[in-house]
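Since the structure comes first, as structure tokens, the remarks are kept for the end.
Computed from a predicted structure; not experimentally measured. Computation of the quantities below employed the complete heavy-atom set of this structure, encompassing side-chain atoms and omitting hydrogens, waters and symmetry-equivalent molecules.
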Amino acid sequence: MRISRLFGGVLLCVAAVTALDCSIGAQTQPPKMLAATPPMGWNSWNHFADKVDDKTIRAAADALVSSGMRDAGYVYVNIDDTWQGTRDADGTIRANAKFPDMKALADYVHSKGLKLGIYSSPGAKTCAGFEGSLGHEEQDARTYADWGVDYLKYDLCSYTKELRERAGRDPVKNQQVMEEIYLKMHDALAKTGRPIVLSLCQYGWQAVWRWGAHVGGNLWRTTGDIEDTYASMAAIGFGQAGLSKYAGPGHWNDPDMLEVGNGGMNANEYRTHMTLWAMLAAPLLAGNDLAAMTPETLSILTNRDVIAIDQDALGRQGDRVAAEGPLEVWARPLAGGGTAIAIFNRWTMPLTMTFDLKDAGIHGSVHLEDLWAKKDLGSFKGSYTTALVPPHGVILLRAQ
Ligand code: GLA
């Protein structure tokens with residue numbers, strides 16, 4: 001496994017040299033790390049599901065640019081399930097009629113300063129019943145690289161059948177089989193020489209956070225599918241407590257894509273969603289209709305201070321440090337010695353919260369800034385009492 005990962009790294013550097021990511025003295029330069037910070041972009045599934053086509057993807061790319069989201073960091077444009085057609089006689093995968101020319105689409109996305117993501121399954125079929133990569137892993141990886149793909153979400157789906165046949169109910173064997181199939185695609189991607197982010201999607205089975213990085217995953221879904229409700233988002237987001245030690249530069253926990261702007265939550269709830277994902281160093285993959293978004297949605301998605309926490313160079317995921325019934329305090333150490341502190345109110349009425357600053361790792365006097373209210377709060381020592389935190393809402397502080 002180590003050898004194959006090393007091999008992949010060497011090849012990535014070769015690719016990176018071609019892309020001018022390494023200097024001429026590449027022998028002494030480490031290859032540029034893929035997903036050094038959590039990937040940011042947009043994915044078609046949450047809003048468009050199977051109603052995605054070439055036009056949808058181009059419109060999303062255009063909107064990322066015109067809305068300012070690309071410049072805020074959202075660079076991946078990811079096509080999820082339902083793009084696949086049939087295979088040629090030699091087994092080469094073709095896109096279906098919704099995507100007449102994948103290479104031209106990739107060129108278009110790249111011309112906008114963006115990157116293209118695609119989706120497949122280690123099984124014979126994807127979750128929506130389209131052609132998967134089983135038995136064609138290397139061939140598909142080559143096709144994606146030829147098209148100019150920069151990101152692959154690899155979704156277990158119908159492989160659950162093989163998994164059951166090969167591993168039964170034995171958890172150790174289940175993990176081994178999943179490690180094998182994900183490593184297989186990692187190696188196939190590495191062999192193409194093109195840097196392609198690998199996103200594992202198997203719903204968190206067998207505590208994937210413990211082994212996702214060892215099989216070359218740059219991110220791995222830790223849960224089942226998110227829905228556009230506070231209950232679903234909160235169950236997933238707050239359920240990430242304790243996973244922080246498994247994430248870091250190049251390998252991230254993925255609590256699923258954003259629902260911000262899809263209409264099922266109010267603004268306080270979407271601010272909670274965005275804040276929690278930033279505290280979790282989660283991938284920020286918007287999942288709304290970018291061409292029809294309200295100014296409020298855009299302002300939540302593009303709050304630069306919140307994005308800076310998600311993308312913090314230290315890459316230390318935050319975790320829960322205190323709780324009082326429905327009130328939770330999460331903290332995340334930042335590069336340069338600062339700390340992000342989020343106070344969440346999971347109750348349906350407004351509440352204040354007093355917490356010890358030492359719970360957030362802060363000893364002595366500290367300066368606090370409210371990142372949603374964009375307000376300087378002054379200096380504090382010992383403890384801090386918040387203003388009223390709205391129902392299902394959050395106060396996000398940066399301490400320095
Ligand atoms: C699974 C994944 C989703 C989405 C769908 C597509 O449910 O978890 O994120 O990709 O498949 O069919």
Side-chain angles (χ1 to χ4, degrees), residues 1 4-5 8 43-46 49-50 52 78-87 91-96 117-145 149 151-192 196-226 236 251-257 283 285:
M1 188 182 301
S4 102
R5 293 202 68 203
N43 173 295
S44 58
W45 187 254
N46 281 357
D50 61 334
V52 60
N78 293 353
I79 309 169
D80 208 278
D81 206 349
T82 80
W83 63 264
Q84 304 88 341
T86 50
R87 292 187 182 276
T92 306
I93 185 76
R94 294 283 160 229
N96 59 38
I118 212 163
Y119 168 100
S120 190
S121 171
K125 296 287 172 201
T126 66
C127 291
F130 288 70
E131 188 73 15
S133 293
L134 184 64
H136 296 274
E137 295 82 0
E138 288 206 1
Q139 201 173 18
D140 285 359
R142 276 199 306 274
T143 303
Y144 304 153
V149 164
Y151 183 116
L152 172 68
K153 174 175 169 184
Y154 205 44
D155 193 350
L156 193 69
C157 300
S158 76
Y159 201 87
T160 48
K161 184 173 148 277
E162 281 80 8
L163 190 58
R164 182 53 60 85
E165 284 163 8
R166 295 182 61 191
R169 293 188 182 278
D170 179 339
V172 176
K173 273 198 199 142
N174 266 270
Q175 180 174 328
Q176 281 166 353
V177 171
M178 285 190 286
E179 287 185 352
E180 178 200 300
I181 56 175
Y182 280 102
L183 185 62
K184 190 173 202 174
M185 185 47 95
H186 164 265
D187 289 351
L189 293 173
K191 219 170 156 183
T192 68
I196 299 177
V197 168
L198 176 59
S199 158
L200 274 52
C201 180
Q202 44 78 281
Y203 336 114
W205 290 1
Q206 301 306 332
V208 64
W209 46 87
R210 297 183 193 152
W211 51 268
H214 305 310
V215 298
N218 297 112
L219 58 156
W220 47 82
R221 275 271 296 278
T222 53
T223 76
D225 290 14
I226 194 168
I236 287 177
H251 53 100
W252 307 102
N253 289 308
D254 173 12
D256 208 356
M257 303 168 292
L285 295 171

Which residues pass the side chain to side chain contact (heavy atoms under 4.5 Å, CB included) test with [X], sequence neighbours left out?
X: A141; answer: M185, A188, L189, T192
X: T143; answer: T92, I93, W147
X: D50; answer: T82

Approximate separation, where rounding is to 0.5 Å, of [X] [atom1] and [Y] [atom2]:
X: K184; Y: D187; atom1: NZ; atom2: CG; result: 10.5 Å
X: D225; Y: C201; atom1: CG; atom2: SG; result: 6.5 Å
X: N253; Y: R221; atom1: CG; atom2: CZ; result: 12.5 Å
X: L152; Y: S133; atom1: CG; atom2: OG; result: 7.0 Å
X: K125; Y: S120; atom1: NZ; atom2: OG; result: 11.0 Å
X: R166; Y: K173; atom1: CZ; atom2: NZ; result: 10.5 Å

Heavy-atom nearest pair, Y203 first then C127, reads OH-SG, 3.7 Å

In short, N174 meets R169 closest at the heavy-atom pair ND2-C, 4.0 Å

Between the side chain of [X] and the main-chain N/O of [Y], is any donor-acceptor distance below 3.5 Å?
X: T126; Y: F130; value: yes
X: E137; Y: G135; value: yes
X: D155; Y: S121; value: no
X: Q202; Y: G204; value: yes
X: N96; Y: Q84; value: yes
X: W209; Y: W252; value: no

Open item on the list: For E180 and Q176, which I'm curious about, is there any donor-acceptor pair between the side chains at under 3.5 Å?
Closed with: no

Which residues share a ring-ring contact (aromatic ring centres under 6.0 Å, His included) with [X], sequence neighbours left out:
X: Y119; value: none
X: Y144; value: none
X: Y151; value: Y76

Is any side-chain heavy atom of [X] closer than 4.5 Å to a side-chain heavy atom of [Y]?
X: P283; Y: S199; value: no
X: V208; Y: L200; value: yes
X: L163; Y: L156; value: yes

When D80, D254, D81 are each screened for salt bridge (charged side-chain N to carboxylate O under 4.0 Å, His left out) with K153, the one that passes is D80

In W220, W205, Y159, Y154, the residue satisfying ring pair (Phe, Tyr, Trp, His ring centres under 6.0 Å) with Y182 is Y154

